[in-house]
Amino acid sequence: METLIMVGQLLLGLSILVGVHEWGHMVAAKSFGMRVEKFSIGFPPKIWGKQIGETEYSIGAIPLGGFVKITGMIDESLDTKTLNAEPEPYEFRAKPAWQRLIVMMGGIIVNVITGIIIFIGLALVNGEAYLPKDKLNEHGIIAFDLGEQLGFKTGDKILSINGQEYERFSDLLSPDLLLGSDNYYTVLRNGEEIRVEMPNDFIDKFADKKNRVSVIEPRIPFSVQSVVPGSLASDAGLKAGDEIISVNGVQTRYFDQLSAILDSLKGQPITLQAKRDGEIVDMSTTVGGDGTLGFIAQYELDYVSRDFTFTEAVGEGTYNAFAVVWLNIKGFQKMIAGDVDVRKSLSGPIRIATFFGGTWDWNNFWRIVGLLSMVLAFMNFLPIPALDGGHVMFLTWEIVTGRKPSDRFLENAQKVGMVILLSLMAFVIINDTISLF
């Protein structure tokens with residue numbers, strides 16, 4: 001069922017993004033009097049189609065893209081049968097270069113607008129919640145395996161990033177930081193300041209499927225929120241509001257301390273102390289076979305939360321949308337520099353489906369769709385023949401030099417671009433499949 005939900009979200013998300021992208025091309029073309037023969041979401045074979053006016057609207061069986069067929073344009077269909085005749089006024093090739101440039105930019109522009117609108121909506125609906133630096137450093141961090149490899153230790157208090165102040169816990173492993181170079185943290189450990197350096201290839205480990213666990217997390221003080229009736233905790237006399245301060249004489253101020261000691265004492269008798277209304281209460285019980293006692297914890301960290309006004313949401317959403325583009329640029333720089341493994345950095349449809357998750361969460365769905373909309377705009381702007389960016393490159397050359405590339409050159413460039421794209425698609429699909437196992 002989870003797989004079906006992931007696939008369903010992927011197909012819906014791609015349909016939305018491809019639909020608005022191709023709609024952008026079509027609207028721009030029609031506004032300049034160009035004939036649009038076909039508008040398709042998905043690639044052939046066609047499973048549904050309807051002719052409306054001069055345009056056939058259809059849905060293809062392969063939901064990994066879409067296309068708009070504009071008369072007189074050399075595109076991925078490589079349909080060149082009309083190019084030997086004189087161009088008709090309604091053909092793409094008969095229009096001025098600036099109009100053709102706008103048509104080719106139409107899909108990219110609409111994807112950018114879509115991404116911005118989605119991120120504005122998310123900011124407006126969700127606001128923000130974060131753990132500020134001062135509250136984080138009251139208790140320090142928990143370092144998991146990958147955090148320990150980086151050089152952190154549980155209990156560390158992180159003072160600065162690259163010698164600069166930071167505002168919130170999420171800044172410590174922000175995408176911008178992970179994609180940067182020569183980063184380091186200043187950490188307070190046992191009263192001593194220590195420098196923890198981040199290797200330039202750390203994002204490779206961070207992205208590795210085997211390491212998809214937390215690197216560091218805030219250390220969390222806790223109390224008992226509620227006790228499960230009939231549980232070991234209930235039999236021991238534990239009550240809501242209690243603070244468990246030790247187990248077998250070992251301090252358990254933080255939840256990670258309690259979890260670790262209970263996990264090591266599965267099925268064994270223990271004594272614990274709890275603070276209740278300012279008094280210390282001694283109790284005895286046995287740890288369950290799963291390393292639990294049977295209560296729900298109340299985590300006590302002071303997060304800051306706030307709602308955005310519409311104006312603030314516009315600024316926040318626009319910033320978040322364009323941050324995706326900037327991070328993609330930095331990611332490409334990392335790949336070119338050899339700091340990251342291409343196999344771990346490029347994602348195809350299978351891996352993208354896992355980003356949506358196995359439960360249908362509309363907030364997460366729109367966040368992923370907004371991110372993909374900006375990524376689609378960025379990728380389509382790359383100067384590769386067969387992508388919008390390839391057409392933009394040739395049209396810009398025509399506008400600047402006044403010389404239009406020949407139809408034969410454009411046809412051959414399109415063939416080269418298709419080989420590149422099909423090879424890239426095969427690579428990411430095979431890579432995604434291998435990563436599953």
>> If you count heavy atoms of other groups shown closer than 6.0 angstrom to CD of Q164, is the number above 12?
In response: no
Residues pairing under salt bridge (Lys or Arg N to Asp or Glu O under 4.0 Å) where one sits in residues 108-131, two or more places apart or in two chains, turn out to be E128-R168, E128-R306
Take F394 and W397, measure what ring-ring contact (aromatic ring centres under 6.0 Å, His included) needs, and give me the verdict at the end.
CA-CA 5 Å; F394 295 135; W397 169 264; 9.4 Å; no
| Donor-acceptor under 3.5 Å (T55 side chain, I52 main chain) | no
F378 meets the ring-ring contact (aromatic ring centres under 6.0 Å, His included) criterion, sequence neighbours left out, with F332
For residues 313-321, which side-chain donor-acceptor pairs fall under 3.5 Å, sequence neighbours excluded?
from : atom 1 : to   : atom 2 : distance (Å)
T318 : OG1    : V314 : O      : 2.7
N320 : ND2    : E316 : O      : 3.3

> Taking C-beta and beyond as the side chain, do F169 and E217 meet within less than 4.5 Å on heavy atoms?
Replying inline: yes
- Query: Are R219 and D256 ion-paired here, with the side-chain N under 4.0 Å from a carboxylate O?
  - Reply: yes
**Q.** Within-4.5 Å side-chain heavy-atom neighbours: K38 and F67
**A.** yes
Within the side chain of D171, is there an N or O that forms a donor-acceptor pair under 3.5 Å with the backbone of E167?
yes
Assess whether atom CD of Q51 is packed by more than 12 heavy atoms of other residues, nucleotides or ligands within 6.0 Å.
yes
Note to self: Could you walk me through whether K46 and E56 satisfy the salt bridge (Lys or Arg N to Asp or Glu O under 4.0 Å) test, starting with their C-alpha distance in whole Å, then the side-chain angles of each, then the deciding distance to 0.1 Å, before giving a yes or no?
What the structure shows: CA-CA 11 Å; K46 180 175 66 177; E56 180 191 39; 2.6 Å; yes
Is atom NZ of K30 surrounded by more than 12 heavy atoms (other residues, nucleotides or ligands) closer than 6.0 Å? yes
State whether a side-chain donor-acceptor pair under 3.5 Å links D361 with T359.
no
Any donor-acceptor pair under 3.5 Å linking the side-chain atoms of E22 with those of S40?
no
_D134 atom CG, over 12 foreign heavy atoms within 6.0 Å_ = yes
query: Is the shortest heavy-atom distance from the side chain of L122 to the side chain of N363 under 4.5 Å?
result: yes
*Heavy atoms of other groups near Y130 OH, more than 12 under 6.0 Å*: yes
Walk me through it: do E37 and T71 pass the test side chain to side chain donor-acceptor pair (under 3.5 Å)?
CA-CA 7 Å; E37 299 175 19; T71 304; 2.6 Å; yes
By ring-ring contact (aromatic ring centres under 6.0 Å, His included), F152 pairs with (sequence neighbours left out) Y185
inquiry  = What I want to find out is whether R189 reaches E192 closely enough, with some N-O distance under 4.0 Å, to be called a salt bridge.
reply    = no
In short, L178 meets I203 closest at the heavy-atom pair O-CB, 3.8 Å
Residue pairs passing the salt bridge (Lys or Arg N to Asp or Glu O under 4.0 Å) test with at least one member in residues 95-115, sequence neighbours excluded, are R100-E398
So side-chain hydrogen bond (donor to acceptor under 3.5 Å, both in side chains) across residues 371-383, not counting sequence neighbours, yields N111-S373
- Message: Between Y254 and F222, is the ring centroid distance below 6.0 Å?
- Response: no
dist K69:NZ -> S58:OG (nearest 0.5 Å) comes out at 13.5 Å
